[in-house]
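Heads up, the thing below is written out as structure tokens.
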Amino acid sequence: MAGLPLPPNVHVSRHPLVAHKLSLLRDRTTTPKLFRELVRELTWLLGYEAMADLSTQAREVETPLESMTGRQVEPKVGLIPVLRAGLGMVDAMLELMPSAEVWHIGLYRAERTLKPVEYYNKLPDAATVQLCLILDPMLATGGSAAATVDILKAWGAARVKQVSLIAAPEGIATLSAAHPDVDIHVAAVDRALNERGYIVPGLGDAGDRQFGTFAGPSSEPGHGAMDETAEVVRRLQRDLSR
Ligand code: PRP
Ligand code: URA
């Protein structure tokens, strides 16, 4: 699976600091406190790259010495953290873009089918921003991301980008097929999904690792697969190799 050419909408950071911090994040001995700090630092670096193409307009500035024409960012930006794990990415993005609006969407992945289930949506009736940045550390099957883009487009979002820390090839294929216009910014594209739909080598469960919630050995990402889940993953992998 790894090594397939990536579609042109996928941007993988090449920054050495991103690679360094991501390796610390993956380490199973990294505590939730350090994990949260790294999520924040990585989001800052990826956010900087994801916003590199924002349009700007002229703005007159009076310096203490004279007037000059500076620039100001043009589009109104909305941050869309996908609960829970996307929450840890919000503060870093707000540091970069303090005027951004934050619109929360709650989705969880059903354990058996790996299908996204929506449980919270705080969007107003019509879109209030020109650019939406979806914040979610993991792009695994791509189901949650594709569903979030569906929701945002139905809301009237004109332009959407996905910012994630790690993606699986299966998730990139799903999201790019459903929404080829969505740019995907990631720190790394990993090898594949395992039979339970976790990214390998990955980092485990991003929500649990941020918030220190460990539900017991049966919820471990490496724990034995259910037939239905394994079949979902096999289907995604067959689609990918076509
Ligand atoms: C994780 C992650 C994504 C989703 C990715 O959330 O934060 O939202 O899984 O998987 P997908 O690409 O296969 O849809 P999870 O469902 O574990 O919810 P949580 O953040 O509340 O733990
Ligand atoms: N969600 C996670 O938190 N990790 C994965 O590897 C896949 C989905």
Side-chain angles (χ1 to χ4, degrees), residues 1-2 10 22 25-28 30 32 35-36 38-39 42-43 46 79-90 103-121 133-152 162-179 182 184-216 218-223 225-226 228-237 239-240:
M1 223 115 313
V10 179
L22 185 64
L25 190 76
R26 292 178 187 276
D27 190 327
R28 65 181 309 141
T30 293
F35 194 93
R36 289 192 295 272
L38 289 164
V39 167
L42 281 161
T43 303
L46 289 181
L79 306 177
I80 323 292
V82 178
L83 306 179
R84 290 178 297 170
L87 285 177
M89 301 174 73
V90 175
W103 300 109
H104 298 83
I105 289 186
L107 293 178
Y108 71 87
R109 217 166 62 138
E111 206 183 344
R112 278 182 179 281
T113 62
L114 299 179
K115 292 254 176 300
V117 180
E118 185 180 342
Y119 62 89
Y120 189 75
N121 180 332
L133 297 179
I134 299 174
L135 309 180
D136 192 336
M138 307 306 270
L139 179 62
T141 64
S144 303
T148 306
V149 180
D150 287 343
I151 294 167
L152 293 176
Q162 168 91 13
V163 182
S164 292
L165 303 185
I166 304 183
E170 295 87 337
I172 286 177
T174 302
L175 180 56
S176 303
H179 298 290
V182 170
I184 304 173
H185 289 266
V186 291
V189 179
D190 275 9
R191 190 173 73 250
L193 296 178
N194 73 7
E195 288 195 313
R196 288 196 60 193
Y198 279 88
I199 301 175
V200 283
L203 51 74
D205 188 301
D208 287 345
R209 293 202 62 189
Q210 274 183 83
F211 301 116
T213 48
F214 174 62
S218 65
S219 70
E220 282 266 276
H223 189 83
M226 284 166 281
E228 195 178 346
T229 313
E231 182 46 38
V232 173
V233 172
R234 277 197 292 274
R235 184 171 42 74
L236 286 171
Q237 293 176 340
D239 291 349
L240 200 55

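In this text, all values refer to a predicted model and were calculated from it rather than measured experimentally. Counting starts at 1 for both ligands and their atoms, following the listed order. Keep in mind that the numbers below use all heavy atoms, side chains included, and drop hydrogens, waters and symmetry copies.
Nearest to atom 1 (C) of ligand 1 among the protein's heavy atoms is Asp136 OD1, 4.8 Å. Asp205 OD2, 4.0 Å is the protein heavy atom nearest to atom 17 (O) of ligand 1. Atom 4 (C) of ligand 1 has Ser144 OG, 3.6 Å as its closest protein atom, hydrogens excluded (heavy atom only). Closest to atom 5 (C) of ligand 2, if we only count protein heavy atoms, is Tyr198 CD2, 3.3 Å.
To the nearest 0.5 Å, atom OG1 of residue Thr30 and atom CG of residue Leu38 are 6.5 Å apart. Atoms CG and CH2, on Leu133 and Trp103 in that order, are 15.0 Å from each other to the nearest 0.5 Å. Atoms CG and OG1, on Leu236 and Thr141 in that order, are 6.5 Å from each other to the nearest 0.5 Å. Here the straight-line distance linking atom CG of Leu193 with atom CZ of Arg191 works out to 10.5 Å at 0.5 Å rounding. For the atom pair CG of Leu240 and CZ of Arg235, the computed distance is 12.5 Å after rounding to the nearest 0.5 Å. Atoms OG and CE, on Ser164 and Met89 in that order, are 6.0 Å from each other to the nearest 0.5 Å.
Any N or O atom pair closer than 3.5 Å counts here, and Gly142 shares at least one such pair with ligand 1. Distances between N or O atoms of Ile199 and those of ligand 2 include at least one value under 3.5 Å. An N or O contact shorter than 3.5 Å links Gly204 to ligand 2 by distance. At under 3.5 Å, a nitrogen or oxygen of Ala140, whether backbone or side chain, sits near a nitrogen or oxygen of ligand 1.
Within ligand 1, counting atoms from 1 as listed, the ones closer than 4.0 Å to a heavy atom of Ala85 are 7 (O), 20 (O). For ligand 2, the atoms lying closer than 4.0 Å to a non-hydrogen atom of Ala206 are 2 (C), 3 (O). Residue Tyr108 approaches ligand 1 through these ligand atoms, each under 4.0 Å from one of its heavy atoms: 16 (O).
For atom 18 (O) of ligand 1, the choice among Leu193, Leu236, Leu107, Thr141 with the nearest heavy atom turns out to be Leu107. In this structure, of Arg84, Glu170, Arg109, the residue bringing a heavy atom nearest to atom 16 (O) of ligand 1 is Arg109. In this structure, of Met138, Gln210, Arg196, the residue bringing a heavy atom nearest to atom 1 (N) of ligand 2 is Met138. In this structure, of Glu111, Met138, Arg209, the residue bringing a heavy atom nearest to atom 5 (C) of ligand 1 is Met138.
Within the structure, the closest approach of Arg209 to ligand 2 does not fall below 4.0 Å when heavy atoms are considered. Distances shorter than 4.0 angstrom occur between a heavy atom of Gly197 and an atom of ligand 2. Within the 4.0 Å heavy-atom shell around ligand 2 one does not find Pro137.
Contacts of Ala140 with ligand 2, taken as heavy-atom pairs under 4.0 Å, involve the side chain alone.
Results of the side chain to side chain contact (heavy atoms under 4.5 Å, CB included) test with Val189 over Ile172, Ile199, Leu139 single out Ile172 as the only residue that passes.
Geometric assessment of Arg109 against the ring of Tyr198 yields a positive cation-pi assignment under the 6.0 Å and 45° thresholds.
Looking at heavy atoms from C-beta onward, Leu83 lies out of side-chain contact with Leu107 at the 4.5 angstrom threshold.
Asp27 has no carboxylate O lying under 4.0 Å from a charged side-chain N of Arg209, or vice versa, which leaves the two without a salt bridge.
Legend: residues meeting side-chain hydrogen bond (donor to acceptor under 3.5 Å, both in side chains) with Glu118, ordered by chain and number and at least two apart, are Asn121.
Atom OH of Tyr108 has 12 or fewer heavy atoms from other residues, nucleotides or ligands within 6.0 Å.
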